[in-house]
S.K.: 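Structure incoming, see below.
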Amino acid sequence: MLRNNAERMQGYGTVLLRLLAFLRNAGRVPGQPVVQAPMPGPVDELVERWRRCLLQEHGLQPDTVREYTSYARLVLDRLAEEGNLQLSGRLTAEWVTDFLLARRSEVTRSRVKNETSMLRGLLRFLHGVGLIEAIDDVVPAVFSHRDSGIPKVLSPAEVEQIIRATAAFPLTRYRNLAVITLFSTLGLRSKEVADLLLEDIDWSAGILRIRGKSGYVDSLPLPPEAGRILADYLLHDTHRGLGERHVFHRSIGAFGPLSPGGLESMVGAASRRAGLGAVGTHRFRHTVASRALNAGASMEEVSQLLRHRSLGSTSIYAKVDFERLALVAQPWPVPATTIPGGRS
């Protein structure tokens, strides 16, 4: 009880600090002088144009737009000198190559691979608005073997350890248990769980409506045990904001839906408490696919379960279908026995 009260007081303190900051900025209470935001510069204006283009013309999701604009600011800030944005004559093929080589020493290979795609898009935009010549084709491709790794999965015992670890957070244990149950039984993505609304649950039919990638909407059967745990959470949910329709929401601080990043942090905290290190939410998706394959499901059935639009996206899980791989594995060569007389 004391721990619950302490967590609630910490949340109320966060809300009060935000309210105080708002009142100070409005000049209603004494305090620090209001800091005027600096006037937007050339980089700010160009990034804003890029942001509007991504939202209005390309229709990208807000999270993707934030990532693209953050990267664009990084690139344009390095091109800016003393507050002046220098593109003409400076943003050349040589500059692009040097910039990517420098980034390779700062971030991982997979991150650089993602950044090359964002950089090509930015260069096409800059060319389209007449600021540079067309040089997007000079961005080099980052070599990598597609699906070269083996998906990491969790054993049933490890999943149970994480579930038990949710009881260590009394204020949110019902919510956390429901979240991990959806991850471990249906293999949902973190954004799909974050976007789940109360009206997406058809209790009478036992169906969940899932908003997937690229705007696709699918329906999945809700297993009875998962439905019971989800209903148990909603019955114990006492921190829902007025009019809040998202199933999962923040329990400390201001009211609002729980973000995909918040879900990742929650699962990571539970897995670390379980002694498994930081486990990402996608590990559960790999686990569901592996478990289905080893139970006899076909690759097409697993693809439907994960709601992949292409069977090629599911093919990586063939590496963890150990029983079927054993059927095609060749026997290990046995060394010939030594024949008396020195011949073998």
Side-chain angles (χ1 to χ4, degrees), residues 3-4 6-18 61-67 154 159 162-203 208-213 215-218 220 222-223 226-274 276 278-285 287-288 307:
R3 181 170 180 173
N4 287 357
E7 290 184 356
R8 288 187 182 276
M9 290 302 295
Q10 181 182 2
Y12 297 150
T14 301
V15 175
L16 289 173
L17 286 174
R18 292 176 180 173
Q61 294 295 320
D63 289 343
T64 306
V65 171
R66 278 192 291 271
E67 184 179 12
L154 296 164
V159 173
I162 296 175
I163 290 176
R164 285 199 302 268
T166 60
F169 307 95
L171 186 63
T172 57
R173 63 189 182 95
Y174 290 104
R175 183 200 68 186
N176 296 356
L177 176 59
V179 165
I180 293 176
T181 300
L182 291 180
F183 282 138
S184 61
T185 57
L186 296 177
L188 301 183
R189 303 177 179 94
S190 58
K191 190 175 188 307
E192 294 168 345
V193 174
D195 290 345
L196 195 63
L197 302 178
L198 293 174
E199 50 266 33
D200 293 332
I201 310 173
D202 186 339
W203 296 104
L208 274 183
R209 186 172 65 170
I210 306 299
R211 294 173 177 80
K213 297 174 69 174
Y216 287 102
V217 178
D218 298 292
L220 285 180
L222 180 63
R228 184 193 66 77
I229 293 173
L230 189 56
D232 201 28
Y233 153 64
L234 292 173
L235 288 173
H236 289 85
D237 185 13
T238 59
H239 201 265
R240 180 172 298 278
L242 184 64
E244 176 61 63
R245 305 304 299 169
H246 284 84
V247 174
F248 300 108
H249 52 83
R250 296 191 294 268
S251 59
I252 296 178
F255 294 119
L258 196 58
S259 67
L263 289 168
E264 291 285 353
S265 298
M266 181 269 289
V267 171
S271 61
R272 284 191 295 270
R273 183 173 287 271
L276 301 175
V279 171
T281 60
H282 221 70
R283 185 84 62 89
F284 290 98
R285 190 168 170 83
T287 301
V288 169
R307 288 158 292 107

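Computed from a prediction, not measured in an experiment: that's the story for all the values here.
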S.K.: side-chain contact (heavy atoms from CB on, under 4.5 Å) with Ala269: which residues, sequence neighbours excluded?
M.R.: Phe169, Arg272

S.K.: Is it the case that the side chain of Thr166 and the backbone of Ile162 share a donor-acceptor pair, with hydrogens and angles ignored and the cut-off at 3.5 Å?
M.R.: no

S.K.: Write down the atom of Ala194, the atom of His246, and the distance for their closest heavy-atom approach.
M.R.: O-CD2, 3.2 Å

S.K.: Is a side-chain donor or acceptor of Arg175 paired with a backbone partner of His249 at a separation under 3.5 angstrom?
M.R.: yes

S.K.: So do the side chains of Tyr233 and Leu177 get within less than 4.5 Å of each other, counting heavy atoms only?
M.R.: no

S.K.: Taking all atoms of both residues into account, what is the closest heavy-atom pair of Ala165 and Ala270, and its distance?
M.R.: CB-O, 3.3 Å

S.K.: Does some side-chain heavy atom of Glu244 sit less than 4.5 Å from a side-chain heavy atom of Arg250?
M.R.: no

S.K.: Indicate yes or no: at least one non-hydrogen side-chain atom of Leu208 is less than 4.5 angstrom from one of Leu182.
M.R.: yes

S.K.: Applying side chain to side chain donor-acceptor pair (under 3.5 Å), can you list everything that pairs with Arg173, at least two apart in sequence or on another chain?
M.R.: none

S.K.: Restricting to side chain to side chain donor-acceptor pair (under 3.5 Å), what partner residues turn up for Gln61, sequence neighbours left out?
M.R.: none

S.K.: Phe248 versus Thr172: any side-chain heavy-atom pair under 4.5 Å?
M.R.: no

S.K.: With sequence neighbours left out, write down each residue that passes salt bridge (Lys or Arg N to Asp or Glu O under 4.0 Å) with Arg283, or none if nothing qualifies.
M.R.: none

S.K.: Sequence neighbours excluded, which residues qualify as side chain to side chain donor-acceptor pair (under 3.5 Å) partners of Asp200?
M.R.: Arg209, Arg211

S.K.: If the condition is salt bridge (Lys or Arg N to Asp or Glu O under 4.0 Å), which residues does Asp237 pass it with, not counting sequence neighbours?
M.R.: Arg240

S.K.: When rounded to the nearest 0.5 angstrom, what is the spacing between CG in Asp195 and CZ in Arg189?
M.R.: 11.5 Å

S.K.: Going by the rule side chain to side chain donor-acceptor pair (under 3.5 Å), which residues pair with Arg164 if we only count those two or more places apart in sequence or in a different chain?
M.R.: none

S.K.: To the nearest 0.5 Å, what is the distance between CD1 (Ile229) and CD1 (Ile163)?
M.R.: 7.0 Å

S.K.: Considering residues at least two apart in sequence or located in another chain, which fulfil the side-chain contact (heavy atoms from CB on, under 4.5 Å) criterion with Val65?
M.R.: Arg51, Leu54, Leu55, Leu60, Thr69

S.K.: Should Leu196 and Leu188 count as side-chain neighbours, where that means a heavy-atom distance under 4.5 Å?
M.R.: no

S.K.: Would a 4.5 Å heavy-atom cut-off, applied to side chains only, mark Val267 and His282 as touching?
M.R.: no

S.K.: Closest heavy-atom contact between Leu263 and Ser190?
M.R.: CD1-O, 3.2 Å

S.K.: Quick one: closest heavy-atom pair of Asn176 and Met266, and the distance?
M.R.: OD1-CG, 3.4 Å

S.K.: If you take all heavy atoms of Leu186 and Pro223, which pair is closest and at what distance?
M.R.: CD2-CD, 3.9 Å

S.K.: Which residues pass the salt bridge (Lys or Arg N to Asp or Glu O under 4.0 Å) test with Glu67, not counting sequence neighbours?
M.R.: Arg111

S.K.: Mind checking what makes side-chain contact (heavy atoms from CB on, under 4.5 Å) contact with Arg245, not counting sequence neighbours?
M.R.: Leu197, Leu198, Glu199

S.K.: Just verifying a value: how many Å separate Leu154 CG and Ser184 OG, rounded to the nearest 0.5 Å?
M.R.: 9.5 Å

S.K.: Kindly give the heavy-atom pair with the smallest separation between Pro260 and Lys191, and that separation in Å.
M.R.: CG-CA, 3.9 Å

S.K.: Please report the interatomic distance CD1(Ile210) to CG(Leu220), rounded to the nearest 0.5 Å.
M.R.: 5.5 Å

S.K.: If I take atom CG from residue Asp202 and atom CG from residue Leu222, how far apart are they, to the nearest 0.5 angstrom?
M.R.: 10.0 Å

S.K.: With sequence neighbours excluded, what pairs up with Arg66 under the salt bridge (Lys or Arg N to Asp or Glu O under 4.0 Å) test?
M.R.: Asp63

S.K.: Measure the CG-OH distance between Leu235 and Tyr174 for me, rounded to the nearest 0.5 Å.
M.R.: 10.0 Å

S.K.: Just to verify, what does Phe284 make a ring-ring contact (aromatic ring centres under 6.0 Å, His included) with, not counting sequence neighbours?
M.R.: none

